[in-house]
Amino acid sequence: MAAQKPSVPKGTRDFSPVEMVKRNFIFDTIKEVFKQYGYLPIETPAMENLSTLLGKYGEEGDKLLFKILNSGDYLSKVKSDLSEAESNKLALEISEKGLRYDLTVPFARFVVQHRNDITFPFKRYQIQPVWRADRPQKGRYREFYQCDVDVIGSDSLLNEVELIQIIDQVFQLLNINTLIKLNNRKILLGIAEMIGEPDKFIDITVAIDKLDKIGREKVNEELSAKGIDESAIEKLNPIFVLSGSNKEKLGSLREVLKDSEIGLKGIEEVETVLNYFETLEIKTELELDLTLARGLNYYTGAIIEVKAKDAEIGSICGGGRYDDLTGIFGLKDVSGVGVSFGADRIYDVMEQLDIFPKEIVASTKVMFVNFGLNEEAYCLPLVQKLRKAGINAEIFPESAKMKKQMTYANNKNIPFVVLVGENEMQEEMLTVKEMVTGDQSKMTFEQLLEKLS
RNA sequence: GUGGUUGUAGCUCAGUUGGUUAGAGCGCCGGAUUGUGGUUCCGGAGGUCGUGGGUUCGACCCCCAUCAUCCACCCCA
């Protein structure tokens with residue numbers, strides 16, 4: 001058989017040891033913070049029934065689902081005429097499972113399915129890969145990790161506050177400068193009501209979401225293309241040029257939305273959340289951004305998005321409140337709120353800014369050079385003792401040339417190398433070399449142990 | 001799904017109007033140094049020029065197709 005060039009599917013990647021160490025650093029810090037606030041881990045399968053997934057992410061989302069072909073002779077069971085079948089319909093006949101698109105919908109399914117074993121409010125975190133059949137590009141992959149934290153079964157705005165604290169803490173620990181953008185779907189709904197187009201709500205939010213990207217003119221064009229009439233668009237414009245502090249924005253909004261019950265509710269919610277941060281100290285800037293819409297359909301209240309200030313990439317964290325996600329699966333009146341950290345984008349930002357702590361790369365602290373059978377027998381117990389003392393240690397597995405062994409230690413960033421040959425064994429001493437400086441000295445094992453602890 | 005970019009050594013890239021044997025840096029292997037890596041010096045291996053077809057006396061170079069890649073749109077972490 002001819003050798004084929006090996007490759008991985010479009011938009012997926014292998015991770016080398018160095019990359020994994022850095023990725024784990026991100027996962028570990030995020031996880032640490034989640035635990036600190038009392039969140040518990042769960043996992044769900046990579047694949048879900050398509051019926052669970054379809055219709056939750058909007059029309060675009062459905063297209064981006066990876067579908068899994070049924071096992072066996074799936075074609076023989078197809079009822080529709082193949083030559084005329086629409087791909088979409090056919091897909092449902094030959095595929096009943098799909099790869100998860102996010103962690104929120106599987107979580108909702110999980111909650112409904114296990115409702116009897118869960119005490120509410122339920123605080124969980126979940127760190128797993130998700131898959132989207134998107135075209136890959138900068139900061140966009142087809143397989144990527146989301147780190148979700150959600151509270152379900154509690155309406156309290158305290159949860160929103162807590163999530164913002166978590167975001168603040170995570171990015172402070174990772175040393176990334178961020179801006180947290182906050183908005184509320186109820187405000188957007190109020191606006192849609194106010195201009196007399198409540199049923200065009202989705203179109204309106206999608207269009208205004210692009211405001212800072214394509215500008216007001218283009219947004220207006222898009223709105224009228226969606227069938228919203230000029231006078232309504234006129235009314236919309238003053239809202240998006242609101243400026244000043246968050247308080248000032250809320251003040252003028254309250255004026256504009258005074259006839260919309262839902263809009264006022266949204267304003268009140270945002271205000272409540274922001275008020276908590278008058279006394280609660282966080283480092284990250286919180287900005288009310290009325291153009292923040294978010295495409296996911298299931299959000300009903302607060303929406304949150306986090307941008308890295310010093311890097312050009314999409315949002316690195318996002319989320320919001322969903323009042324009725326579990327309703328679709330038959331459990332009514334259970335509101336949840338959560339955010340998702342995009343680990344891969346966070347990685348890209350940190351790589352770009354070169355802010356990974358240098359010390360995380362060294363995994364082995366000390367390596368013993370192997371000089372031969374006698375020497376390795378002598379060293380093995382010493383290596384074991386170091387490990388028991390919690391020091392990462394290894395011995396080179398064969399008595400290869402010194403150059404090879406030293407190069408190995410060097411490439412692996414091992415800071416200490418121990419040399420034990422005939423002389424050292426007789427003297428019961430070790431020659432210890434510090435790789436960074438190149439200095440080396442003789443010492444007893446006890447001295448080495450002390451040096452490394 | 002739409003538009004564009006780029007495919008040459010393990011990696012990053014040169015390569016003249018289309019002309020004989022396709023180059024560099026880094027990395028890798030060996031030696032200088034059989035008990036010393038990272039620095040220095042010397043040597044070496046490594047290429048069906050993405051793939052398939054076409055034009056031509058002759059193609060890395062021109063044309064077509066195809067695959068891959070990256071970027072933008074849509075949407076999103």
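Values below: every heavy atom of this structure, side chains too, minus hydrogens, waters and symmetry copies. All chains are named by letter (A, B, ...) in the order of the sequence lines, taking the proteins before the strands, and each is independently numbered beginning at 1.
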Undergrad: Using side-chain heavy atoms (C-beta onward) and a distance below 4.5 Å, is A:Tyr141 in contact with A:Arg132?
TA: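 In short, these two side chains do not touch, never coming nearer than 4.5 Å.
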
Undergrad: For a quick check under 3.5 Å, do A:Glu424 and A:Thr431 share a side-chain donor-acceptor pair by atom type?
TA: yes

Undergrad: Counting Watson-Crick and G-U wobble pairs with both distances under 3.5 Å, what is the dot-bracket string for RNA chain B, 5' to 3', using [ ] for crossing pairs and | for pairs to another strand?
TA: ((((.((..((((.....[...)))).(((((.......))))).....(((((..]....))))))).))))....

Undergrad: Going by atom type alone, with no hydrogens or angles, which donor-acceptor pairs under 3.5 Å involve a side-chain atom of residues 38-52 of chain A and a protein atom two or more places apart or on another chain?
TA:
residue: A:Tyr39; atom: OH; partner: A:Glu162; partner atom: OE2; Å: 2.6
residue: A:Glu43; atom: OE1; partner: A:Gln128; partner atom: NE2; Å: 3.4
residue: A:Thr44; atom: OG1; partner: A:Gln126; partner atom: NE2; Å: 3.0
residue: A:Glu48; atom: OE1; partner: A:Arg109; partner atom: NH1; Å: 2.9
residue: A:Glu48; atom: OE2; partner: A:Arg109; partner atom: NH1; Å: 2.5

Undergrad: Sequence neighbours left out, cut at 3.5 Å: what donor-acceptor pairs do the side chains of residues 317-328 of chain A make with other protein atoms?
TA:
residue: A:Arg321; atom: NE; partner: A:Glu160; partner atom: OE2; Å: 2.7
residue: A:Arg321; atom: NH1; partner: A:Ser154; partner atom: O; Å: 3.0
residue: A:Arg321; atom: NH1; partner: A:Ser335; partner atom: OG; Å: 2.7
residue: A:Arg321; atom: NH2; partner: A:Ser154; partner atom: O; Å: 3.4
residue: A:Arg321; atom: NH2; partner: A:Asp155; partner atom: O; Å: 3.4
residue: A:Arg321; atom: NH2; partner: A:Ser156; partner atom: O; Å: 3.2
residue: A:Arg321; atom: NH2; partner: A:Glu160; partner atom: OE1; Å: 3.0
residue: A:Arg321; atom: NH2; partner: A:Glu160; partner atom: OE2; Å: 3.4
residue: A:Tyr322; atom: OH; partner: A:Asp150; partner atom: OD2; Å: 2.5
residue: A:Asp323; atom: OD1; partner: A:Ser335; partner atom: OG; Å: 2.6
residue: A:Asp323; atom: OD2; partner: A:Thr300; partner atom: OG1; Å: 3.0
residue: A:Thr326; atom: OG1; partner: A:Leu331; partner atom: O; Å: 2.7

Undergrad: My understanding is that only residues two or more places apart in sequence, or in another chain, count here; which of them pass ring pair (Phe, Tyr, Trp, His ring centres under 6.0 Å) with A:Phe356?
TA: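 So A:Phe356 forms a ring pair (Phe, Tyr, Trp, His ring centres under 6.0 Å) with A:Tyr347.
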
Undergrad: Of all residues at least two apart in sequence or in a different chain, which pass the ring pair (Phe, Tyr, Trp, His ring centres under 6.0 Å) check with A:Tyr408?
TA: A:Phe396

Undergrad: May I ask you to say what A:Cys317 touches in the nucleic acid, namely base, sugar-phosphate or nothing, with a heavy-atom cut-off under 4.0 Å?
TA: sugar-phosphate

Undergrad: Tell me the salt bridge (charged side-chain N to carboxylate O under 4.0 Å, His left out) pairs involving residues 436-453 of chain A, sequence neighbours left out?
TA: A:Glu427-A:Lys442, A:Glu434-A:Lys451

Undergrad: When you check every protein heavy atom under 4.0 Å of nucleotides 35-40 of chain B, what one-letter string (B, S, -) results, 5' to 3'?
TA: BBBB--

Undergrad: For B:rU8 and B:rC13, measure between their P atoms and round to the nearest Å.
TA: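 Their P atoms lie roughly 9 Å apart.
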
Undergrad: Of all residues at least two apart in sequence or in a different chain, which pass the salt bridge (Lys or Arg N to Asp or Glu O under 4.0 Å) check with A:Asp354?
TA: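 Partners of A:Asp354 by the salt bridge (Lys or Arg N to Asp or Glu O under 4.0 Å) criterion, ordered by chain and then number, come out as A:Lys358.
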
Undergrad: Which residues pass the ring pair (Phe, Tyr, Trp, His ring centres under 6.0 Å) test with A:Phe171, sequence neighbours left out?
TA: A:Phe341

Undergrad: Looking only at the side chain of A:Arg135 (C-beta and beyond, no hydrogens), which of the listed nucleotides B:rA77, B:rC74, B:rU2 gets closest?
TA: B:rU2

Undergrad: Sticking with atom C1', work out how far B:rU16 lies from B:rA59, rounded to a whole angstrom.
TA: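 Between the two C1' atoms, the distance is 15 Å.
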
Undergrad: Please tell me whether A:Ser340 and A:Asp148 have a donor and an acceptor in their side chains that are separated by less than 3.5 angstrom.
TA: yes

Undergrad: For B:rG38 versus B:rC26, give the span between their C1' atoms, rounded off to a whole number of Å.
TA: 16 Å

Undergrad: Looking only at side-chain atoms of A:Arg345, point me to the closest of B:rC76, B:rC75, B:rA72.
TA: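 Closest of the options to the side chain of A:Arg345: B:rC76.
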
Undergrad: Would you measure the distance from the P atom in B:rC70 across to the matching atom in B:rA32 and give it in whole Å?
TA: 44 Å

Undergrad: Taking any heavy-atom pair under 4.0 Å as a contact, classify A:Lys10: base, sugar-phosphate, or nothing.
TA: sugar-phosphate

Undergrad: B:rC61 and B:rU56: how far apart are their P atoms, nearest whole angstrom?
TA: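 That atom pair is separated by 16 Å.
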
Undergrad: Please classify the nucleic acid contact of A:Tyr145 as base, sugar-phosphate, or nothing, using heavy-atom distances under 4.0 Å.
TA: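 Counting heavy atoms under 4.0 Å across all strands, no contact is made by A:Tyr145.
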
Undergrad: For RNA chain B, find the residues of residues 164-176 of chain A with a heavy-atom distance under 4.0 Å and give them by number; none if there aren't any.
TA: none

Undergrad: For residues 164-182 of chain A, which residue pairs qualify under salt bridge (charged side-chain N to carboxylate O under 4.0 Å, His left out), counting only residues two or more places apart or in two chains?
TA: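 Matches after skipping sequence neighbours: A:Lys181-A:Asp289.
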
Undergrad: With respect to the phosphate group of B:rA72, does any side-chain polar atom (N or O) of A:Gln137 fall under 4.0 Å of OP1 or OP2?
TA: yes

Undergrad: OP1, OP2 of B:rC76 versus side-chain N and O of A:Lys63: anything below 4.0 Å?
TA: no

Undergrad: What pairs with A:Phe110 under ring pair (Phe, Tyr, Trp, His ring centres under 6.0 Å), at least two apart in sequence or on another chain?
TA: A:His114

